[in-house]
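Structure first, commentary second.
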Amino acid sequence: MKQTLFDKVWDSHVVQSIKKGPDVLFIDRHLIHEVTSPVAFLGLKNRGLSVLYPKRTFATADHNTPTINQHLPVADPLSRNQLKALEENATSHGISYWGLGHKKNGIVHVVGPEYGITQPGATIVCGDSHTSTHGAFGAIAFGIGTSEVEMVLATQCIMQSKPKKMRITINGSLNRGVTPKDVALFIISKLTTSGATGYFVEYAGEIFEQLSMEGRMTVCNLSIEMGARGGMIAPDEKTFKYIKDREFTPKGTDWDKAMKYWKTLFTDEDAIFDEELVFDGCKIDPMITFGTNPGMGISITKNIPKAENVEGGKSTYKKSLDYMGYAEGESMLGKPIDYVFIGSCTNGRIEDFRAFASIVKGHQKSENVTAWLVPGSHKVLESIKEEGLLEIFNEAQFKLREPGCSACLAMNDDKIPEGKYAVSTSNRNFEGRQGPGARTLLASPLVAAAAAITGKITDPRTLIY
Amino acid sequence: MAYDSFKILKSTAVPLPIENVDTDQIIPARFLKATERKGFGDNLFRDWRYNQDNSPKENFILNNPTFSGKILIGGHNFGSGSSREHAAWAIYDYGFRCVISSFFADIFRNNCLNIGILPVQVSAELLSELFEIIQIKPNTEVEVNLKKQTITISTTGYSEFFNINDYKKENMLNGYDDIDYLKNIKKDIQKFAEKTPL
Ligand code: SF4
């Protein structure tokens, strides 16, 4: 039978199929962090169970960590407690642990690929919904809840029904100033935040083939924002080149063996999807969100849509705009901005900082803007220094912080104050996501950079020479 | 037994007619710092329920004593966003055992089932009828019968069938969870792991 990429990976991991029930799915690799794992370990303890395969789980501290003075003890006692729990749980169960200050520390979805934990054809889960990021390598990767974290620790399996399959094909090429983030925000604006619920998405077509691995990660990362369980892209030479010789990827003959399998990972011609969508890559502009979910995005040059033209969430549209302090029909260009956040597992990798630097170089940060530049990992931080980007940032009056999730979910001190506007390269613009009362506008690193130097929403294409 | 079993629930309900309620609203990230599953109910819908000075917001439904019960009714696409199970814990800890909507986000639905909250997906018509009737008559009781897979509005007798897979249904009826099941097939899992390189 003709199979999709998703079928191939899913079916090869099914330990057992329960009639009129879920599949028991074997999980190759499990990532954990301090926020969604402590209760899972507590559950294990209460049941008198141990971790079945500790070498398949990897722990990093990221959600709760400060982004300045990481060498000092964490000030907030609750955060400190959670970080301590992660360290104790990981070390006592023999799980590799990359805590605060460790040179491999960083956001879970940034370090996974950096060290080759993420591989084609693998099943990867983590108690964080943006686990979909790892799908960029042709893995089945998705977020799970804490009960499932406990399940994976105890049994290396989870029980889930196989989702339906959707393919999103985009051909053509991207216009100047259009980034992978814009592609993703464009798709979500078309599908709405629930348009892919119940589906696993495969991205196909020239656009995704042309994207770098980091660009593919950004797109797959945002799959969850249209409700999808996850998103994936078939591995190709770019993928193999990226993962070769990373710490946790196979070496020598194991590599050759793995390559043989990985090369079978593509959707067979004539394989059938439950849903197929096709878009034209040339029609995508730099995007920005104006509302309180990631589906509320438009081309940066367009005006905020009228309620009558909105699909999905109509009854709460006004509530959303009120929260943002915006009105129907207004132009986004020129709206004042107070904060800029560049970082997160969506856009906190080296290419994102390069993009940011390409715009701010030779300019000055707007005096009205507070900017937080937070690398996704120590490795990203090192590259920023090595490549000379730090000098560009410093000359333009930007300060670099230390790695972590930071203002993506504002669990640490990096909170946008009530009522303030932030252009963010992260993934969610929900009410209060970046701090109580904070108003978030999701955009690419280029749009964020343009806002940071002009103090308002600006089309980055006017600043690219 | 991992949680209390769920058979029949007859209760008044709390209506929250808002679409796309995400888990950041159900429980904001700053309340995720606990290392135990305790006390999350106090912060359920924190920023919709309380002002920043912790005074209650009068318009919010949970602050309105007219509405109460063990059933929460939410708008379309309930529970989107973050995978935080804390959202389901907060709903459970507050006292809800069942959430009704016309559409649920995937991870949230799984999280509910895993901790013993029954997510019931109903037609858009029934959902708007529920919102309307409960607005007018807050003491309207709703009966959720898991065995029969039906939801019934007691005043009108209107009833609708809902879907749940047999496995999950059995689990809920008995209060078992997935780990109880997986423990019993450990040998199969180990065999599988052997042929799956790290
Ligand atoms: S950066 Fe944001 S989305 Fe990514 S892992 Fe951290 S909290 Fe989750």
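Labels below follow one simple rule: chain letters A, B, ... track the order of the sequence lines, proteins then strands, and each chain is numbered from 1.
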Where on [X] is there a heavy atom nearer than 4.5 Å to chain B: the side chain, the backbone, both, or neither?
X	value
A:Leu409	both
A:Val152	neither
A:Asn81	both
A:Thr131	neither
A:Asp76	side chain
A:Lys319	side chain

Is there a donor-acceptor pair closer than 3.5 Å between any side-chain N or O of A:Glu431 and the backbone N or O of B:Gln25? no

Go through the atoms of [X] and report whether side chain, backbone, both or neither lie under 4.5 Å from a heavy atom of chain A.
X	value
B:Ile164	neither
B:Asn110	side chain
B:Asn111	side chain

Side-chain contact, heavy-atom cut-off 4.5 Å: [X] with [Y]?
X	Y	answer
B:Asp22	A:Asn293	no
B:Arg30	A:Pro436	yes
B:Gln190	A:Tyr53	yes
A:Leu52	B:Ile189	yes
B:Ile107	A:Ile224	yes

Residue, of [options], that accumulates the most heavy atom pairs under 4.5 Å with chain B:
options	result
A:Ile144, A:Asp254, A:Asn427	A:Ile144
A:Met151, A:Met159, A:Gln16, A:Arg433	A:Met159
A:Leu78, A:Val24, A:Thr193, A:Val15	A:Val15
A:Lys257, A:His13, A:Gln119, A:His130	A:His13
A:Lys55, A:Glu225, A:Gln156	A:Lys55
A:Thr292, A:Thr36, A:Ile158, A:Ile18	A:Ile18

Quick check on the interface: out of B:Leu182, B:Ile18, B:Ile115, who has the most heavy-atom pairs with chain A under 4.5 Å? B:Leu182

Please indicate whether [X] has more than 12 foreign heavy atoms, meaning atoms of other residues, nucleotides or ligands, lying under 6.0 Å from its [atom1].
X	atom1	answer
A:Glu247	CD	yes
B:Lys186	NZ	no
A:Lys162	NZ	yes

Atom [atom1] of [X] and atom [atom2] of [Y]: how far apart are they, to the nearest 0.5 Å?
X	Y	atom1	atom2	answer
A:Arg428	B:Ser82	CZ	OG	5.5 Å
A:Thr146	B:Asn114	OG1	CG	10.0 Å
A:Glu150	B:Asp178	CD	CG	10.5 Å
B:Asn165	A:Ser161	CG	OG	5.0 Å
A:Leu153	B:Ile179	CG	CD1	8.5 Å
A:Phe430	B:Asp47	CZ	CG	14.0 Å

Residues in residues 37-45 of chain A that sit under 4.5 Å from chain B, counting heavy atoms only: A:Pro38, A:Val39, A:Leu42

Can you name the closest pair of heavy atoms from [X] and [Y] and give their distance?
X	Y	answer
B:His86	A:Val35	NE2-O, 3.7 Å
A:Ser129	B:Ser83	N-OG, 3.3 Å
B:Tyr167	A:Gly21	CB-CA, 3.8 Å
B:Phe192	A:Ser12	CZ-O, 3.3 Å
A:Glu148	B:Glu85	N-OE1, 4.3 Å

Audit row: B:Lys183, A:Leu49, side-chain contact (heavy atoms from CB on, under 4.5 Å) steps and yes/no: CA-CA 10 Å; B:Lys183 273 195 317 201; A:Leu49 296 173; 3.8 Å; yes

Residues at least two apart in sequence or cross-chain that pass ring pair (Phe, Tyr, Trp, His ring centres under 6.0 Å) with B:Phe108, listed by chain then number, are B:Phe78

Checking an interface table here. Which of residues 33-45 of chain B come within a heavy-atom distance under 4.5 Å of chain A? B:Lys33, B:Ala34, B:Thr35, B:Glu36, B:Arg37

Among residues 97-104 of chain B, those lying within the under-4.5 Å heavy-atom range of chain A are B:Phe103, B:Phe104

